[in-house]
Amino acid sequence: MQNPAIEYDYTVARWFSYLAILFGILGMGIGVWIAFELAFPELNYVGGEYTLFSRLRPIHTNVVAYGFTLSGIWATWYYVGQRVLKVSLAESKFLQGVAKLHFWLYFVTALLAVISLLARYTTSKEYAQFEWPLDILVVIIWVLWGISIFGLIGIRREKTLYISMWYYIATFLGVAMLYLFNNMEVPTYLVTGMGDPLHSVSMYAGTNDAMVQWWFGHNAVAFVFTVPIIAMIYYYLPKESGQPVYSYKLSLLSFWGLMFVYLWAGGHHLIYSTVPDWMQTMGSIFSVILILPSWGSALNMLLTMKGEWHQLKENPLIKFMVLASTFYMLSTLEGPIQSIKSVNALAHFTDWIPGHVHDGTLGWVGFMIIAAIMHMAPRFFKREIYSKKLLEMQFWLQTTGIVLYFSSMWIAGITQGMMWRAVDQYGNLAYSFIDTVTVLHPYYTLRGIGGLFYFIGLFMWAYNFYKTMKASRELEKEPAFASPMAA
Amino acid sequence: MDIKLLQGVMYFGLIVFLTVVLYGYIFHLYRSEKRGERDYEKYGRMALDDELTSTPVEPIEEERKKESP
Amino acid sequence: MFGWLERNPFFFAVGVFLVIAFAGLIEIVPDFAQQSRPVAGAKPYDLLRLAGRQVYIKESCNACHSQLIRPFKIETDRYGMYSLNGEYAYDRPFLWGSKRTGPDLHRVGNYRTSDWHANHMWDPTSVVPGSIMPAYKHLFTNETDLETAYAEALTVKKVFNVPYDKDLDGDGKIDVPLGTFEEAKQRAFQDALKIAEETKRKDLVDMVKAGKIPEVVALIAYMNGLK
């Protein structure tokens, strides 16, 4: 602290930001492509067997969840972590090394993961498709991150951990546990000495496997798409607006509330399957209870802006973050509604589910990461943001994209669900399955267009970031609160 | 004993326990602030005054500071 | 107590971990033993079907097709008897899926034939006009990896006691023989030839006769067994 030579070390934060942009474009580009494949099936054959929908879909989900989102999480971690603990990575050569190793190992693993999925290596479990050698790499990456978190905490100057730190720690622990248990598998080559060395077989069978998978699947969403994003907004929104969080006590409470109930909600994926009835009911009830702590965080964020709403008009980054918390409230309301038994009977297996996932991920996760990286850009490069106008345009284009996306998927999902259950006057099914597919064509097209809008917005973001790095006006000192931007 | 029953009891027990803990925590937060033992809202400043040169809200012990280069 | 936790990250971390772990423990573990019990008549997959199942997984068919019939009349009318726990006892991993872009396949073996599948995989719109499913022509030339399928069967037999080479229904006959790789392979080729002939496609028959099982044949064997 006395030594003026020490500064925050943003190297790794910057690297992860580049990756977030890269994987964002890659993952969502594939997403747009496969969205159009559903509307225009001929697109499946453009790249031979490698562009078939079924081949690309796991790549889309994995690149977006584990490429874009994790990069975003780590970019912000290597930035926020130093700042709220008031200690620089540069003060420990060891932690600096761990951070760099963390980055490179992650980058290599991510590339191997994409290649292995293209080459049909998959365990078929959603969001846990990687085969066992990749799982081992993932575990090592995770341990490196753990060393980085607890190492930095060990040399901190600020005694109390800020609320964002709590959320980062929870992310670390939650994903570690979930990932380990869900990926328990036996490599067949090691047992028999024959066949493909990369192949493995799940430790769990049938219904058990499904229970572990959806316990994982739901909570992976919690600990990758919710918890660390809350960590971000608790730092970036107050910092960008210059307002301390509305109620720190409420933030502590909603943290514990979230931790207590989230794990119970996994059961709602299993409604009307073969798991015991009481578990299904409890899954539904706890999903509904889940609204309260989740909304505690979101309301806390909105109330932080109390008396400062004019900033919403002036600062596009505030726009991104306020809309993100609004989408967070929307999808945490929508989720519990879908888990009500009678609604689920209609919605399960339909396009309403991807619709729900995307208003959460595009609106909440995507917008928060975009805002966080743009907030960091002037600090990384000591330059102002290249264009406010471009940021505004990106905001409106992407918001339109999200609205198109979820409204078309709501209609598609409910239409399909209703057609599946429609019967004629004698009680016979009114529609064959293919009728319920062809009817979706306009909605699939509309969804693709919505996705395309969002995707174009990503390029505007990348361009703005690049120009900020290279060509923007230089700043004399690091800005304190609102990020300076050229008109 | 039936495993189902055990599961139900454990489930119920955990819920009661968690509810008590959460409400106990709310109570703790407001009581210690009322008594003037702690001021939680000051921690909100941590995100705002986060330069290496700004004074920590609650500095860690003095001896640690001397050790660091 | 709470103030102390707030300032001790280690114990705080332990606290978080216990809370999230305990919930999972109660939710999942107790039902494990019960749900892994197979229903009467459930049998492990023979070699060709297991290989076909691996093809199903490799191509991520479960991205668009479920294998879970819910207990509603509209579902049983469309797909057949609703699914039971014990039917999945030998499914590693489970393949319930989460999205029906295409129809459920849990009992597809009851109402589709080998030649229907072959036509469908070659050109879906030829049998289902308006279908948005892509053709999987590469499955007609790719060779099935029987060795990996055998490795999987042997692994589950050794590690999880899956009843290969056992008499399950007490009629004095072995229900699903596995034996050595050579024996299993021979049976797989007999099954494959039968299916290839059912598809009425000469290229498939020729390929099996030439000592190569096309992936689509294994996949059809798997789907025919879904009943």
Side-chain angles (χ1 to χ4, degrees), chain A residues 38 41 44-45 49 52-55 57-58 120 122-126 153 159-161 169-170 173-174 177 186 188-189 191-192 194-196 199 201-202 205-213 215 259-260 263-264 266-267 272-274 276 279 345 349 353-354 420-421 423 429 433-434 437-438, chain C residues 6-7 9 12-13 16-17 19-21 23-24 27-28 31-32 35-36 57-64 66 68 70-72 74 77-78 83-85 88-96 98-101 103 128 130-132 134 138 145 147-148 150-152 154-156 158-160 181:
Chain A
L38 288 176
N44 275 286
Y45 312 117
E49 60 168 292
L52 293 176
F53 179 88
S54 63
R55 192 75 57 92
R57 193 227 181 213
R120 305 202 299 182
T122 166
T123 63
S124 90
K125 289 176 153 194
E126 280 182 76
I153 288 175
K159 191 167 183 200
T160 308
L161 300 181
I169 294 173
L173 292 170
M177 175 186 72
V186 185
T188 52
Y189 183 79
V191 176
T192 60
M194 59 191 293
D196 194 322
H199 185 70
V201 56
S202 174
T207 308
N208 290 339
D209 200 34
M211 289 222 296
V212 176
Q213 160 62 23
W215 170 73
M259 288 300 122
F260 287 173
L263 267 277
W264 289 97
Y272 290 116
S273 69
T274 52
M279 201 182 280
F349 293 130
I353 307 297
W420 283 344
R421 61 166 61 175
V423 288
L429 293 170
F433 193 89
I434 190 65
V437 175
T438 45
Chain C
E6 283 159 11
R7 267 161 303 174
F12 159 70
V16 174
F17 186 76
V19 167
I20 52 187
E27 200 174 289
I28 295 176
D31 291 288
F32 249 62
Q35 283 171 348
S36 49
I57 290 170
K58 278 183 187 170
E59 293 296 342
S60 297
C61 302
N62 56 315
C64 294
S66 60
L68 177 74
R70 297 179 293 173
F72 308 142
I74 49 148
D77 280 0
R78 198 184 288 279
S83 308
L84 300 171
N85 263 334
Y88 300 109
Y90 304 114
D91 279 16
R92 290 171 196 271
F94 77 109
L95 291 172
W96 293 2
S98 59
K99 174 77 174 58
R100 279 183 192 151
T101 306
V128 185
S131 172
I132 59 170
H138 60 285
D145 185 358
E147 197 177 324
T148 303
Y150 182 77
E152 181 177 326
L154 196 59
T155 304
V156 294
K158 278 185 182 169
V159 181
F160 304 112
F181 183 43

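Lettering of chains follows the sequences in order, A, B, ..., and the numbering in each one begins at 1.
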field: Closest contact, heavy atoms only, C/Ile74 versus A/Leu429
entry: O-CD2, 3.8 Å
message: Just to verify, what does A/Ser202 make a side chain to side chain donor-acceptor pair (under 3.5 Å) with, not counting sequence neighbours?
response: A/Asp209
task: Side chain from CB out, backbone as N, CA, C, O: work out which of these in A/Tyr189 comes under 4.5 Å of a heavy atom of chain C, or both, or neither.
output: neither
Between OG on residue C/Ser98 and CZ on residue A/Phe349, distance to nearest 0.5 Å: 7.5 Å
query: Which of the residues C/Ser60, C/Pro103, C/Cys61 is involved in the greatest number of heavy-atom pairs with chain A at under 4.5 angstrom?
result: C/Pro103
field: Heavy-atom check, side chain of C/Arg100 versus side chain of A/Trp420, under 4.5 Å
entry: yes
query: When heavy-atom pairs shorter than 4.5 Å are enumerated against chain A, which of C/Ser66, C/Gly130, C/Pro93, C/Cys64 gives the highest number?
result: C/Pro93
- prompt: Are the side chains of A/Phe53 and C/Ile132 in touch, meaning some heavy atoms are under 4.5 Å apart?
  reply: no
message: As an exercise: rank A/Gln213, A/Arg57, A/His199 by heavy-atom pairs under 4.5 Å with chain C and give me the winner.
response: A/His199
message: At a 4.5 Å cut-off on heavy atoms, which part of A/Thr123 comes close to chain C: side chain, backbone, both, or neither?
response: backbone
- prompt: If you round to the nearest 0.5 Å, how far is CG of C/Asn62 from NZ of A/Lys125?
  reply: 12.0 Å
Part of C/Lys158 lying under 4.5 Å from any heavy atom of chain A: side chain
message: C/Glu147: which residues meet the salt bridge (Lys or Arg N to Asp or Glu O under 4.0 Å) condition with it, sequence neighbours left out?
response: none
message: How close do C/Lys58 and A/Arg120 get, counting heavy atoms only, and between which atoms?
response: CG-O, 3.5 Å
field: Among the listed options C/Val159, C/Asp145, C/Thr101, C/Val156, the residue most often paired with chain A at heavy-atom distances under 4.5 Å
entry: C/Thr101
field: Short side-chain to backbone donor-acceptor contact, A/Ser54 and C/Glu59, under 3.5 Å
entry: yes
task: Identify the two heavy atoms, one from C/Arg92 and one from A/Val201, that lie closest to each other, and give their separation to 0.1 Å.
output: CB-CG2, 3.6 Å
field: Beyond-backbone contact of C/Ser131 with A/Val437, side-chain heavy atoms, under 4.5 angstrom
entry: no
message: Set out, in order, the CA-CA distance, both residues' side-chain angles and the distance that settles side chain to side chain contact (heavy atoms under 4.5 Å, CB included) for A/Thr192 and C/Glu152, then state yes or no.
response: CA-CA 8 Å; A/Thr192 60; C/Glu152 181 177 326; over 6 Å; no
task: Output yes when a side-chain donor or acceptor of A/Thr188 lies under 3.5 Å from a complementary backbone atom of C/Ala151, and no otherwise.
output: no
- prompt: Rounded to the nearest 0.5 Å, how far does CE of A/Met194 lie from OH of C/Tyr150?
  reply: 6.5 Å
Interface moiety of A/Ile353 toward chain C, non-hydrogen atoms closer than 4.5 Å: neither
- request: Taking the side chain as every heavy atom from C-beta outward, state whether C/Phe94 and A/Val212 have any atom pair closer than 4.5 Å.
  value: no
statement: Heavy atoms of C/Leu95 and A/Ser124 approach each other most closely as CD2-OG, 3.5 Å
- prompt: With only heavy atoms counted, which part of A/Arg421 is less than 4.5 Å from chain C, the side chain, the backbone, both or neither?
  reply: both
